[in-house]
There are 2 protein chains.
Amino acid sequence: MEEITALLKQKGLKVTPQRLAILNFLMHTNEHPTAETIYKKLVSDFPTMSLATVYKTLEVLKNTGLIQELNVGEGSFRYDAKTTPHPHIVCLGCGKVEDLDESIFKDLLEEVKKHTDYKVVGQKLYFYGYCPACQKKMNN
Amino acid sequence: MEEITALLKQKGLKVTPQRLAILNFLMHTNEHPTAETIYKKLVSDFPTMSLATVYKTLEVLKNTGLIQELNVGEGSFRYDAKTTPHPHIVCLGCGKVEDLDESIFKDLLEEVKKHTDYKVVGQKLYFYGYCPACQKKMNN
DNA sequence: GTGGGTGCAAACAGTTTGCACCTGG
DNA sequence: CCAGGTGCAAACTGTTTGCACCCAC
């Protein structure tokens with residue numbers, strides 16, 4: 001928990017129990033939760049926590065670069081404490097979102113720059129498919 | 001307009017003026033409009049057209065594969081009548097969305113399949129940057 | 001004629017905002 | 001002590017739904 005306190009201080013943010021809880025949760029999960037999910041996981045430990053605080057906190061964490069926001073094409077955003085640009089894969093069966101190795105796109109950015117006169121500063125790569133568990137379900 | 005009529009019939013859809021207008025508009029623009037944008041462009045010609053109809057129509061066109069839905073990370077969806085999977089680039093200055101050549105990711109899917117045990121069926125690639133016009137603005 | 005499509009209004013989900021109170025530094 | 005954070009409720013945006021009417025086939 002100290003490293004998390006340090007991260008927040010380093011960005012000039014006040015260290016509050018709510019921020020610690022949210023950032024800590026995001027850094028120890030790989031399920032790419034939505035604001036709603038985060039809120040539900042945390043209310044039990046922080047009964048006064050409100051959804052508005054979760055949103056506001058996610059906003060500041062995003063703006064300071066401590067987390068990144070994903071949009072895999074649902075009606076809502078997901079959040080990820082792994083801030084290096086890396087591709088995600090979405091299971092169309094159960095909706096879960098997992099990381100893919102970023103080695104996949106080693107030459108991709110160069111290739112894009114060659115084909116456009118935009119000044120490229122970021123990328124989001126999403127793949128869609130069926131996870132092993134859902135494939136099994138479909139074969140039954 | 002006949003080709004559009006044919007496309008709808010071919011999918012077993014009733015050919016209504018609203019559907020013709022929406023699909024026609026999408027097939028002759030490259031601006032990747034939102035439902036709202038489509039609605040605003042069409043009300044002048046179809047004063048009785050409602051936003052609900054636009055949404056319902058986009059839904060059926062999407063389900064029959066005549067258009068695809070994009071989500072570049074705004075709060076809303078955009079629609080594209082070019083249904084081949086191709087990457088998009090989003091201008092962070094003015095918000096416009098343009099197509100990129102799909103040749104960019106020729107080996108990408110193979111690479112992904114090698115790194116995952118998901119059954120991969122689709123992909124969405126978004127790049128973010130500044131278009132030439134917005135770059136110019138920033139330098140002034 | 002009838003089943004599917006349309007259009008209105010109302011409902012809904014996710015997110016944002018205003019403001020009084022609270023608290024970390 | 002006070003600037004900034006929190007929490008509630010209300011507002012807002014984008015999207016969906018229920019239902020009566022309409023029209024393409």
Side-chain angles (χ1 to χ4, degrees), chain A residues 1-2 4-24 32-64 66-67 69-79 95, chain B residues 1-2 4-24 32-64 66-67 69-79 95:
Chain A
M1 219 64 173
E2 285 93 51
I4 298 183
T5 307
L7 277 174
L8 290 170
K9 280 200 174 139
Q10 190 179 319
K11 297 290 184 179
L13 300 173
K14 263 190 196 171
V15 179
T16 67
Q18 293 86 335
R19 288 180 173 176
L20 278 174
I22 292 170
L23 187 49
N24 180 57
H32 307 85
T34 63
E36 190 78 31
T37 312
I38 297 170
Y39 171 69
K40 282 186 185 149
K41 291 271 182 178
L42 296 183
V43 253
S44 43
D45 295 336
F46 298 80
T48 83
M49 168 96 65
S50 86
L51 197 46
T53 298
V54 174
Y55 276 111
K56 286 171 185 167
T57 301
L58 291 172
E59 177 74 15
V60 328
L61 294 179
K62 178 178 59 168
N63 290 340
T64 56
L66 288 173
I67 63 173
E69 193 176 65
L70 312 182
N71 194 322
V72 301
E74 306 155 311
S76 56
F77 293 101
R78 288 168 175 266
Y79 296 88
Chain B
M1 219 64 172
E2 284 93 51
I4 299 182
T5 306
L7 276 175
L8 289 170
K9 279 199 174 140
Q10 192 178 316
K11 297 290 184 179
L13 300 174
K14 264 190 195 172
V15 179
T16 67
Q18 294 87 335
R19 287 181 175 176
L20 278 174
I22 292 170
L23 187 49
N24 180 57
H32 308 83
T34 61
E36 189 79 30
T37 312
I38 297 170
Y39 171 69
K40 280 186 185 148
K41 292 270 182 180
L42 297 181
V43 253
S44 44
D45 295 336
F46 298 81
T48 81
M49 168 96 66
S50 85
L51 196 47
T53 299
V54 174
Y55 276 111
K56 286 170 187 168
T57 302
L58 291 171
E59 176 75 15
V60 328
L61 295 179
K62 179 179 58 166
N63 291 339
T64 56
L66 288 172
I67 63 172
E69 192 177 64
L70 312 182
N71 194 319
V72 301
E74 307 155 311
S76 56
F77 293 100
R78 288 167 175 266
Y79 296 89

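Keep in mind it's a predicted model, so treat the numbers as computed, not measured. Reminder, nothing fancy here: chain letters follow the sequence lines and each chain counts from 1.
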Problem set entry | Interatomic distance where CD1 belongs to Ile22(B) and P belongs to dT6(C) [whole Å] | 8 Å

Seminar exercise, completed: Rounded to whole Å, the CZ-C1' distance (Arg78(B) to dT15(D)) equals 16 Å

For this session: Mind calculating the distance between CZ (Phe46(A)) and P (dG5(D)) to the nearest angstrom?
Result: 17 Å

For this session: Specify the residue among Val15(A) and Pro47(B) whose closest nucleotide of DNA chain C lies further upstream toward the 5′ end.
Result: Pro47(B)

For this session: Would you kindly give the CG-to-P distance between Leu20(B) and dC23(D), to the nearest whole Å?
Result: 16 Å

Problem set entry | Thr48(A) vs dG7(D): side-chain N/O to OP1/OP2 distance below 4.0 Å | yes

Problem set entry | Candidate list Asn24(A), Ile22(A), Val15(A), test side-chain contact (heavy atoms from CB on, under 4.5 Å), partner Ile4(A), passing option | Asn24(A)

For this session: List the atom of Ile67(B), the atom of Lys62(B), and the distance in Å for their closest heavy-atom pair.
Result: CG1-N, 3.6 Å

For this session: Please work out if Thr53(A) contacts a base, only the sugar-phosphate, or nothing of the nucleic acid, heavy-atom cut-off 4.0 Å.
Result: base

Seminar exercise, completed: To the nearest angstrom, the CD-C1' distance between Glu74(A) and dT15(C) comes to 15 Å

Exercise. Looking only at N and O atoms, is any donor in the side chain of Lys56(B) or the base of dG7(C) less than 3.5 Å from an acceptor on the other one?
Worked result: yes

For this session: Answer yes or no: is there an ion pair linking Glu59(B) with Lys56(B), defined by an N-O contact shorter than 4.0 Å?
Result: no

Exercise. Which pair of heavy atoms, one from Met49(A) and one from Val43(A), lies closest together, and at what distance?
Worked result: O-CG1, 3.8 Å

Exercise. Between dT17(D) atom P and Leu51(B) atom CG, what is the distance in whole Å?
Worked result: 14 Å

Exercise. Looking at the side chain of Glu36(A), which of dG7(C), dT15(D), dG14(C) is the nearest nucleotide?
Worked result: dG14(C)

Exercise. Hey, does the side chain of Gln18(A) come within less than 4.0 Å of dG7(D)'s phosphate (OP1/OP2), counting only N and O?
Worked result: yes

Problem set entry | Nearest heavy-atom neighbours spanning Asn71(B) and Glu74(A) | ND2-O, 3.7 Å

For this session: Take the protein atom OH of Tyr39(B) and the nucleotide atom C1' of dT6(C), then report the distance between them rounded to whole Å.
Result: 13 Å

Problem set entry | Residue whose closest nucleotide on DNA chain D lies nearer the 5' end, Phe77(B) versus Lys9(B) | Phe77(B)

Exercise. If only side-chain N and O atoms of Thr16(B) are considered, is one of them under 4.0 Å from the OP1 or OP2 phosphate oxygen of dT6(C)?
Worked result: yes

Exercise. Between dG14(C) atom P and Asn71(A) atom CG, what is the distance in whole Å?
Worked result: 13 Å

For this session: Ignoring the backbone of Ser50(B), work out which of dC8(C), dC23(D), dG7(D) is nearest its side chain.
Result: dC8(C)

Exercise. To the side chain of Ala52(B), which of dG24(C), dT17(D), dG5(C) is closest?
Worked result: dT17(D)

Exercise. When we call it a touch if two heavy atoms are under 4.0 Å apart, what does Glu59(B) touch: a base, just sugar-phosphate, or nothing?
Worked result: nothing

For this session: Let me see the working for Glu36(A) and Leu51(A) under side chain to side chain contact (heavy atoms under 4.5 Å, CB included), right down to the final yes or no.
Result: CA-CA 7 Å; Glu36(A) 190 78 31; Leu51(A) 197 46; 3.9 Å; yes

Exercise. Which listed nucleotide (dG4(C), dT16(C), dT15(D)) is nearest to the side chain of Tyr55(A)?
Worked result: dT16(C)

Problem set entry | Short side-chain N/O contact to dT6(C) OP1/OP2 from Arg19(B), under 4.0 Å | yes

